[in-house]
Amino acid sequence: MTFENKLPEGFERTLTIEPEKDIKLRLKLDGAAAVIAIALVLLGSLVKDIGLLFEAAGGAMLALRVVLVTVLCVVSLYISEYIKCAVVGRVTGKPARVVREKYWAYTQFRYWLDKKSFMTISFAPPLAVCLAMLILMLVLPGKFFWQCCAIFIVNLTGTVGDGYTALVLARQAGEVRIKTEGLTTYIATEK
């Protein structure tokens, strides 16, 4: 497949997914992410006592642990975006870059993708981070389980928007092309 910035011949843009402008969609995606996070915390509680996350020698150490876990979660999201950048280059043979905004970052590329390329680019990076966290949960001492689990949960719930797009794509008949710009996704179908 040739990856180009302009929409390929024979396709027309038919659908735009804009969670930042569609409040109902944003609430659905946030709700789905919350349900997944709660389910994973409950599942993790079956493996290790969640009290391990809060075990600290005093309030200052607990606050430090919370800050450290938060920073690690944010760093893992940036790592996921840089992995995505590398995957984009590998799949398309064209460059991509990570754009950092005030509260978030995203990988920017300016070409239309087919379904398979979109799925690979969207899901491979966060799943790679999740797999690394799963391995660390198994290998590291138990006191680090919940820190790794928090990073796992943040990265997995970060795929909810791409999961929604994948469901929309599954309902599309025929060939489709997908292009993302920030949080907005454009879908084009064959004429």
Side-chain angles (χ1 to χ4, degrees), residues 1-5 16-20 25-26 28-37 39-41 43-44 68-140 144-170 172 176-187:
M1 179 180 163
T2 304
F3 298 95
E4 296 181 16
N5 189 25
T16 302
I17 301 171
E18 295 179 285
E20 69 276 6
L25 177 59
R26 171 54 56 200
K28 286 179 186 178
L29 294 176
D30 289 345
V35 167
I36 291 168
L40 290 172
V41 168
L43 190 62
L68 184 61
V69 169
T70 303
V71 167
L72 289 172
C73 286
V74 170
V75 167
S76 75
L77 290 174
Y78 276 95
I79 289 170
S80 182
E81 289 303 322
Y82 282 103
I83 293 171
K84 188 175 192 175
C85 211
V87 171
V88 168
R90 183 102 169 138
V91 169
T92 66
K94 297 189 180 232
R97 68 184 185 116
V98 175
V99 176
R100 292 177 296 278
E101 301 246 335
K102 190 172 185 177
Y103 298 110
W104 55 291
Y106 62 91
T107 302
Q108 182 183 60
F109 51 94
R110 300 191 183 278
Y111 15 92
W112 291 86
L113 306 169
D114 59 0
K115 280 184 189 180
K116 181 181 176 189
S117 300
F118 173 80
M119 298 297 183
T120 302
I121 289 169
S122 295
F123 295 112
L127 293 180
V129 172
C130 287
L131 180 61
M133 289 303 108
L134 207 62
I135 291 168
L136 289 175
M137 282 187 254
L138 296 172
V139 181
L140 291 176
F144 297 111
F145 176 84
W146 281 104
Q147 288 84 345
C148 295
C149 191
I151 295 168
F152 178 92
I153 291 169
V154 165
N155 277 275
L156 191 63
T157 57
T159 64
V160 168
D162 291 328
Y164 174 78
T165 302
L167 289 174
V168 169
L169 292 175
Q172 302 294 321
V176 297
R177 296 292 179 263
I178 308 99
K179 184 177 184 180
T180 59
E181 292 179 2
L183 293 177
T184 302
T185 302
Y186 302 103
I187 298 174

Can you list the residues that meet the salt bridge (charged side-chain N to carboxylate O under 4.0 Å, His left out) rule with Arg26, with sequence neighbours excluded? Asp30
Kindly write out the residues that satisfy ring pair (Phe, Tyr, Trp, His ring centres under 6.0 Å) with Tyr164, not counting sequence neighbours, or none if the list is empty. none
Listed by chain and number, what are the side-chain hydrogen bond (donor to acceptor under 3.5 Å, both in side chains) partners of Gln147, not counting sequence neighbours? none
Roughly how far, to the nearest 0.5 Å, is OH of Tyr186 from CD of Glu18? 6.0 Å
Output for pair (Leu113 CG, Thr180 OG1), nearest 0.5 Å, gives 7.0 Å
Mind running side-chain contact (heavy atoms from CB on, under 4.5 Å) on Phe152 and Leu136 for me, showing each step along the way? CA-CA 10 Å; Phe152 178 92; Leu136 289 175; over 6 Å; no
Hey, could you give me the CG/CD1 distance between Leu169 and Ile187, rounded to the nearest 0.5 Å? 4.5 Å
My understanding is that only residues two or more places apart in sequence, or in another chain, count here; which of them pass side chain to side chain contact (heavy atoms under 4.5 Å, CB included) with Ser76? Val129, Ile151, Asn155
Across all chains, not counting sequence neighbours, the side-chain hydrogen bond (donor to acceptor under 3.5 Å, both in side chains) partners of Glu20 are Thr184
Residues which pass ring pair (Phe, Tyr, Trp, His ring centres under 6.0 Å) with Phe109, listed by chain and number, not counting sequence neighbours: Tyr111
Sequence neighbours left out, what passes side chain to side chain contact (heavy atoms under 4.5 Å, CB included) with Ala128? Give chain and number order. none
Between atom SG of Cys148 and atom CD1 of Ile135, what is the distance when rounded to the nearest 0.5 Å? 11.0 Å
With sequence neighbours left out, what residues match Thr159 under side chain to side chain contact (heavy atoms under 4.5 Å, CB included)? Phe123, Pro126, Leu156
Output all residues satisfying side-chain hydrogen bond (donor to acceptor under 3.5 Å, both in side chains) with Arg97, sequence neighbours left out; order by chain, then residue number. Gln108
Heavy atoms of Val154 and Cys73 approach each other most closely as CG2-SG, 3.7 Å
Please tabulate, for the side chains in residues 81-91, all donor-acceptor contacts under 3.5 angstrom to protein atoms that are two or more places apart in sequence or on a different chain.
{"residue": "Glu81", "atom": "OE1", "partner": "Thr107", "partner atom": "N", "Å": "2.9"}
{"residue": "Glu81", "atom": "OE1", "partner": "Thr107", "partner atom": "OG1", "Å": "2.6"}
{"residue": "Tyr82", "atom": "OH", "partner": "Arg100", "partner atom": "NH1", "Å": "2.8"}

Run the side-chain contact (heavy atoms from CB on, under 4.5 Å) test on Arg177 and Asp114 for me, step by step, so that the C-alpha distance in whole Å, both residues' side-chain angles and the decisive distance to 0.1 Å come before the verdict. CA-CA 5 Å; Arg177 296 292 179 263; Asp114 59 0; 3.7 Å; yes
Could you work out, with side chain to side chain contact (heavy atoms under 4.5 Å, CB included) as the rule, every residue matching Ala37, not counting sequence neighbours? Ile153, Thr157
Thr165: what forms a side-chain hydrogen bond (donor to acceptor under 3.5 Å, both in side chains) with it, not counting sequence neighbours? none
Would you give the length of the straight line joining atom CE of Met119 to atom CD1 of Ile178, rounded to the nearest 0.5 angstrom? 7.0 Å
